[in-house]
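When a ligand or atom number is given, it counts from 1 through the structure's own listing order.
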Amino acid sequence: MHIGMAGAGLSCAVIARELAERGHRITIHETRPHVAGNCHTERDAGSGVMVHVYGPHIFHTDDEEVWTLVNRYMDFKPYVNRVKATARGQVFSLPINLHTINQFFGKTFSPTEARAFIERQADTSITDPQSFEEQAMRFIGRELYEAFFKGYTLKQWEVDPKRLPAAILKRLPVRFNYNDNYFAHRFQGMPAEGYTVMVQRMLDHPNIIVHLGSALRPADVGQYDHVFWSGPLDAFYGHADGRLPYRTLDFERFEGEGDVQGCAVMNYNDVDVPYTRITEHKHFAPWEEHARSVCYREFSRTCGENDVPYYPVHLTEGDQLLQRYQARAAQETRVSFVGRLGTYRYMDMDVTIRAALDAVRSFIGAHQA
Ligand code: UDP
């Protein structure tokens, strides 16, 4: 079959490679001048630092098949994400762990004592938290919520946390020990030569052609036996029912000498600091040495028509607009919508790859029947 794809990010790269190895011909149109979507990495010419151009991406997963897949294309170096938080004039450890709790409350709790203390802070009358705020009240209580989550979340989403789904906060663990690994997954690492080289290797197959700076238009679907669309779902329909809301990010890049902030990610949780975090990219590759440093100050705002969409905005009240587009998409027989933008989901890289493998399986299943 001749298969068309819109986008050369992780989703389409995985699907393209899997189908190319099964003998299908793949033509990919990518509007950007590079592959790898928002996980694109590029070595900065001046400093030599590997820069996460669209913000930090740390690979972590519990999915052994996904971990094996990425390691087929790239050597992954050991990396543990340890995030710090500047709040109320102090530096804390994230995610919330025993160190954070003891430092914040000025205590020397043991794990058992801390658990009992937080349980007293928590609102145990909430049995089934629906919103971000309810999830916080139930599991960490008002004081920690207001110090670490309320301000940051208002900056990140510009929505009252009462209207955001609990799932956003469930991304972060709460620990009653000193484990400050931001992620709770078995496998974690950083690609030795960056994500873009990894994706280029996935796409390096005689059955795959990639056109950069080129768009696959919905009107072109008929040229292919099947199309995988990883662009925005609403863009496929010309935004006919309206625009699905996204958050976009602005990065204020600055350089420094040596070590600027001492860690890869420093969150700024107070609402009066306009940015959400500063990332210092050399720390994402601790096995490399560079004299100079490249940092990004990260600002979140509503995504306009000409901005790069980052985070889909899901609200607790549900989303009729999304449902309308999903109903349209369900009618398509020759188009599969994939990835963060195509399925309008807040997806980590490993979840993206898992979903891509599942899309391959269902495509093969449907076309063998
Ligand atoms: N969050 C927060 N304070 C923090 C870190 C995260 O309030 O210091 C909230 C915020 O709403 C964010 C969500 O938790 O959108 C998920 O955080 P994560 O670090 O997973 O965000 P990502 O790295 O995907 O931007």
Side-chain angles (χ1 to χ4, degrees), residues 10 37-39 52 54-61 79-88 90-97 99-101 103-104 129 131-137 139-175 180-185 188 190 245-251 263-273 275-279 281 284 296-303 308-316 340 345-352:
L10 266 185
N38 277 7
C39 68
H52 294 219
Y54 300 91
H57 283 76
I58 297 115
F59 202 92
H60 55 94
T61 191
Y79 178 84
V80 177
N81 201 33
R82 299 186 199 282
V83 175
K84 302 290 174 228
T86 296
R88 301 178 180 183
Q90 274 184 278
V91 177
F92 296 92
S93 158
L94 282 183
I96 304 277
N97 63 70
H99 203 167
T100 327
I101 295 167
Q103 190 188 353
F104 185 79
S131 70
F132 187 103
E133 187 171 285
E134 282 180 0
Q135 176 75 12
M137 289 307 173
F139 291 101
I140 54 172
R142 181 167 300 279
E143 287 195 58
L144 289 170
Y145 165 61
E146 289 188 345
F148 294 105
F149 297 102
K150 195 172 179 184
Y152 188 104
T153 297
L154 281 169
K155 292 189 287 185
Q156 174 75 10
W157 298 97
E158 254 181 290
V159 171
D160 187 326
K162 287 188 177 69
R163 295 178 61 208
L164 289 170
I168 296 180
L169 185 55
K170 285 183 189 163
R171 291 170 56 81
L172 309 184
V174 177
R175 301 210 184 94
D180 62 352
N181 184 346
Y182 202 69
F183 302 114
H185 284 153
Q188 187 173 177
M190 280 292 190
Y246 280 98
R247 302 295 290 169
T248 192
L249 299 176
D250 294 320
F251 300 107
C263 63
V265 184
M266 174 68 79
N267 288 0
Y268 286 84
N269 303 65
D270 298 336
V271 76
D272 51 348
V273 177
Y275 42 90
T276 51
R277 56 187 174 185
I278 296 178
T279 46
H281 294 238
F284 291 125
Y296 273 13
R297 225 174 254 121
E298 189 171 319
F299 300 81
S300 169
R301 64 177 168 82
T302 300
C303 185
V308 178
Y310 280 78
Y311 297 90
V313 183
H314 291 280
L315 300 176
T316 42
R340 177 178 53 94
R345 285 200 288 153
Y346 185 177
M347 286 158 106
D348 287 333
M349 286 181 287
D350 64 325
V351 178
T352 303

Among all the protein's non-hydrogen atoms, which is closest to [atom], and how far away is it?
{"atom": "atom 1 (N) of ligand 1", "answer": "Tyr152 CD2, 3.6 Å"}
{"atom": "atom 20 (O) of ligand 1", "answer": "Arg171 NE, 2.8 Å"}
{"atom": "atom 5 (C) of ligand 1", "answer": "Asn267 ND2, 3.4 Å"}
{"atom": "atom 15 (O) of ligand 1", "answer": "Trp157 NE1, 2.9 Å"}
{"atom": "atom 3 (N) of ligand 1", "answer": "Phe148 O, 2.9 Å"}
{"atom": "atom 18 (P) of ligand 1", "answer": "Tyr182 OH, 3.7 Å"}
{"atom": "atom 6 (C) of ligand 1", "answer": "Leu172 CD1, 3.6 Å"}

Quick one: does [X]'s side chain have a donor or acceptor within less than 3.5 Å of a partner on [Y]'s backbone?
{"X": "Asn267", "Y": "Ala85", "result": "no"}
{"X": "Asp348", "Y": "Asp350", "result": "no"}
{"X": "Thr100", "Y": "Ser93", "result": "yes"}
{"X": "Glu133", "Y": "Lys150", "result": "no"}
{"X": "Lys155", "Y": "Phe299", "result": "no"}
{"X": "Thr276", "Y": "Glu298", "result": "yes"}
{"X": "Thr248", "Y": "Val308", "result": "yes"}
{"X": "Arg340", "Y": "Thr352", "result": "no"}
{"X": "Arg175", "Y": "Pro95", "result": "no"}

Those atoms of ligand 1 less than 4.0 Å from some heavy atom in [X]:
{"X": "Gln156", "value": "15 (O)"}
{"X": "Thr153", "value": "2 (C), 7 (O), 9 (C), 10 (C), 11 (O)"}
{"X": "Tyr346", "value": "16 (C), 20 (O), 21 (O), 22 (P), 24 (O), 25 (O)"}

Exercise. Any heavy atom of Arg277 sitting closer than 4.0 Å to ligand 1?
Worked result: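 Yes; Arg277 lies near enough to ligand 1 that a heavy-atom distance drops under 4.0 Å.
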Side chain, backbone, both or neither: [X] near ligand 1, heavy atoms under 4.0 Å:
{"X": "Tyr311", "value": "side chain"}
{"X": "Leu169", "value": "neither"}
{"X": "Asn269", "value": "side chain"}
{"X": "Leu94", "value": "side chain"}

Exercise. If we ignore angles and hydrogens, is there a donor and acceptor under 3.5 Å between the side chains of Asp270 and Tyr268?
Worked result: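 The answer is no; no qualifying pair exists.
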Exercise. Taking distance alone, with no angle check, do Ile168 and ligand 1 share an N/O pair under 3.5 Å?
Worked result: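 No, since none of the N or O atoms of Ile168 sits under 3.5 Å from an N or O of ligand 1.
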